[in-house]
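From a predicted model like this one, the values you see are computed outputs, not experimental measurements.
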There are 2 protein chains.
Amino acid sequence: MSASARPTLALVAERAGVAISTASLAFTANGPISEASRNRVLAAARELDYAGPNPLGRQLRSGRSGIVGVVIGDQLKRSFRDPVAVQVLDGLVSTLGAAGLGVLLIPGIPGVDADSRAVDPLIESAAMDVGVLVWGVRTDDPTLAAFERRGVPVVVGEGREVPGAPIVSIADRRGTADVVRHLTSLGHSAIAEIALPLDHTRRSGPVDAARLAQSDRTPTSNRLAGVRDVVEPVITWEPAGPLVEHGKEAAITILSGDDRPTAIVAHSDLLAAGALLAAQELGLKVPEDVSIAGFDGLDLPWLAPAVLTTVRQPLAEKGAKIGEAVVNLLAGNAPESVELDVELVVGTTTGPPREAV
Amino acid sequence: MSASARPTLALVAERAGVAISTASLAFTANGPISEASRNRVLAAARELDYAGPNPLGRQLRSGRSGIVGVVIGDQLKRSFRDPVAVQVLDGLVSTLGAAGLGVLLIPGIPGVDADSRAVDPLIESAAMDVGVLVWGVRTDDPTLAAFERRGVPVVVGEGREVPGAPIVSIADRRGTADVVRHLTSLGHSAIAEIALPLDHTRRSGPVDAARLAQSDRTPTSNRLAGVRDVVEPVITWEPAGPLVEHGKEAAITILSGDDRPTAIVAHSDLLAAGALLAAQELGLKVPEDVSIAGFDGLDLPWLAPAVLTTVRQPLAEKGAKIGEAVVNLLAGNAPESVELDVELVVGTTTGPPREAV
DNA sequence: TATGCGGATCGAATCGTTTCGATCCGAGCC
DNA sequence: GGCTCGGATCGAAACGATTCGATCCGCATA
């Protein structure tokens, strides 16, 4: 009656009348085993309702768990409301899945106090073969240190150099410069900037030089730099978050002021979409009264008939490249970093400023 | 030079001059061990750069992996663009994280052929203590069968009964009836319905009785039934997907026809938001020309100044309840199903039909 | 008939822990 | 001083598989 325990390979072997090692061969396709014994083993397995080797035993022996820990570095809710994150993750999960690897979701910094040295306990105690820091590492990142201590190799998406770890990044500085150059070449000089959040504090408002220097997120810093490669924005606004509503809020303030800029460049499409809604609400024509450009190249059909001018980045491909880097690392190859290219896509939301007409 | 192998507990014990079992006690807080030996062990660990017991060994011994497999049943990209899914997942991940459990993401049906009996290989071979089928089970679900074969207990979100598995569901049939009743009590009788997708085929168009019977997704079926508890819709439209653009597409057709309905009830807020955009594009006033209601209770600030009439369901709480059910199951308690309540929230998008004014 | 060969099978070691029962030791008590 | 008691420590046995070297068997060859 206490037969609730799952059958083991030993039981199957006994029933089939072979040694455990032979039974093992029947399940791992590659060993030398006769058709006859394989069938006997499989039959015995069926009779005992044995569903294949227990992963835990296999993992201990082989030293591999087949699991990749992915640190998304924030509350799920916040990360996944951002389509950029979702697309990258999608590419990553597909690639890893195809390689037989599973994704363990690691929220990252637990709770609000992202300053503390606390690390998600999963990083310290869950079994994994590789860790992925999708959104880059911060200086002196405790997460990175924890992985290192455990001897878990790491792949970094989008970030500063980490010795021994491959980085998959995107040419976002150049892309940002491209879109700003597009604006200046149309004749704009009073360009406002809506930045991505500079850090985890949900602060919002205009950004001064001191605050600018505090940015510890790589994509944000790169895009700030990209803008400044071409022009000094008349104002840089830091929104409370990365979503549409935050962009709208920022743009309302920017566009309501006395010296209305002739163009807004946002660090992301979601923020730009918010700016578009703001302009609409304020009765401003786009692009006649104000040009608006974004970054990401998302598909935002609900903006129709407007088509956002933006910079398309290969998001799913980025995820896929990270996945490849993981597989590569597990195969024992040397880490290899990649930078993916971006492309300016001109839509209907940018045009020459009114004065220039 | 070949010292690349990670140190083991045995090494630490040797260095500390204690038995392996004693060293083990130093890491698991609860055993009887003197302060002195614990310190000696921890010191030795530090010297050897030992980062704590290897999870694989621990897992094999205890028979627990601390991992919960969550089947999201679709491409990540599609699931996670839906804020409903994201909020539930967020609640789930938080609850499980607090219990020290990790979430293994299982896409579910690989590739497009969702009809086949194929199952995500992770379900067959990854280590996990419990499986979660977030979006319910279909009749004769191969995924469910695979879990059963492996002896992995299962928790089901939103679905039909599964013997021995707790179900966490939401009173969506009653909620849908409530919102439709709200419309009829305003005087509407010509009500159109935009349904959630009936199955995985990305079919779209008007739905007849035969097609209606084919719906194999529980939330969809429940909401279809909820509408019919109150009124027979003048038309039911099946969109190609669950997102804003799909709702817009559907509504454009519905509202362009000759017998324009006076109200549209959508199975979700995203679809309803699409309908709102459609009405706007067609120059129709909401709610004067057409009332629009949704379901979910999402926060959609970019619809402002409109506030959608909808039915609020406790999404994060649903995820949390699923998490609790998992923890409960692991504690050896009997499975316990829950049905969560919903609440009608009247916004500015519904009002009496023009004729009735 | 003896020898050699190659493929199938087997036994035993191993992966790194936890846990359980046994041992050991010092303190307290009579 | 002998005895008991209890807490700290230890050894060994799992946990469930893979893998490697050794054995075994049958067949072909000399």
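Between the P atom of dA14(D) and the CZ atom of Arg64(B) lies a distance of 21 Å, rounded to the nearest Å. Following rounding to the nearest Å, Arg150(B) (CZ) and dG16(D) (C1') show an atom-to-atom distance of 13 Å. Across the protein-nucleic acid pair, Ile33(B) atom CD1 and dG6(D) atom P stand 21 Å apart, rounded to whole Å.
Judged by distance alone, with hydrogens and angles left aside, the side-chain atoms of Arg6(B) form no donor-acceptor pair with the main-chain N or O of Tyr50(B) at under 3.5 Å. Judged by distance alone, with hydrogens and angles left aside, the side-chain atoms of Arg64(B) form a donor-acceptor pair with the main-chain N or O of Leu330(B) at under 3.5 Å. At distances below 3.5 Å, at least one donor-acceptor pair connects side-chain atoms of Ser337(A) with backbone N or O atoms of Ile167(A). With hydrogens and angles disregarded, a donor-acceptor distance shorter than 3.5 Å links the side chain of Asp129(A) to the backbone of Gly66(A).
Between Ser34(B) and dT9(D), a side-chain N or O to OP1/OP2 separation shorter than 4.0 Å is present.
In this structure the side chain of Val70(A) reaches within 4.5 angstrom of the side chain of Val134(A), judged on heavy atoms.
Exactly one of Ile106(B), Val154(B), Ile123(B) qualifies for a side-chain contact (heavy atoms from CB on, under 4.5 Å) with Thr143(B). That residue is Ile123(B).
More than 12 heavy-atom neighbours from other residues, nucleotides or ligands sit within 6.0 angstrom of CD on Glu124(B).
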Identify every side-chain donor-acceptor pair in residues 11-23 of chain A under 3.5 Å, counting partners at least two apart or on other chains, and give the distances.
residue  : atom : partner  : partner atom : Å
Arg15(A) : NE   : Glu47(A) : OE1          : 2.7
Arg15(A) : NH2  : Glu47(A) : OE1          : 2.6

Subject >> Sugar-phosphate or base contact per nucleotide [nucleotides 14-21 of chain C; S, B, -; heavy atom under 4.0 Å] >> reply: BBBBBB--
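Across the helix from dT1(C)-dA30(D) to dC30(C)-dG1(D), the helix axis at one end is tilted relative to the axis at the other end by 60° (nearest 10 degrees, each axis from five pairs).
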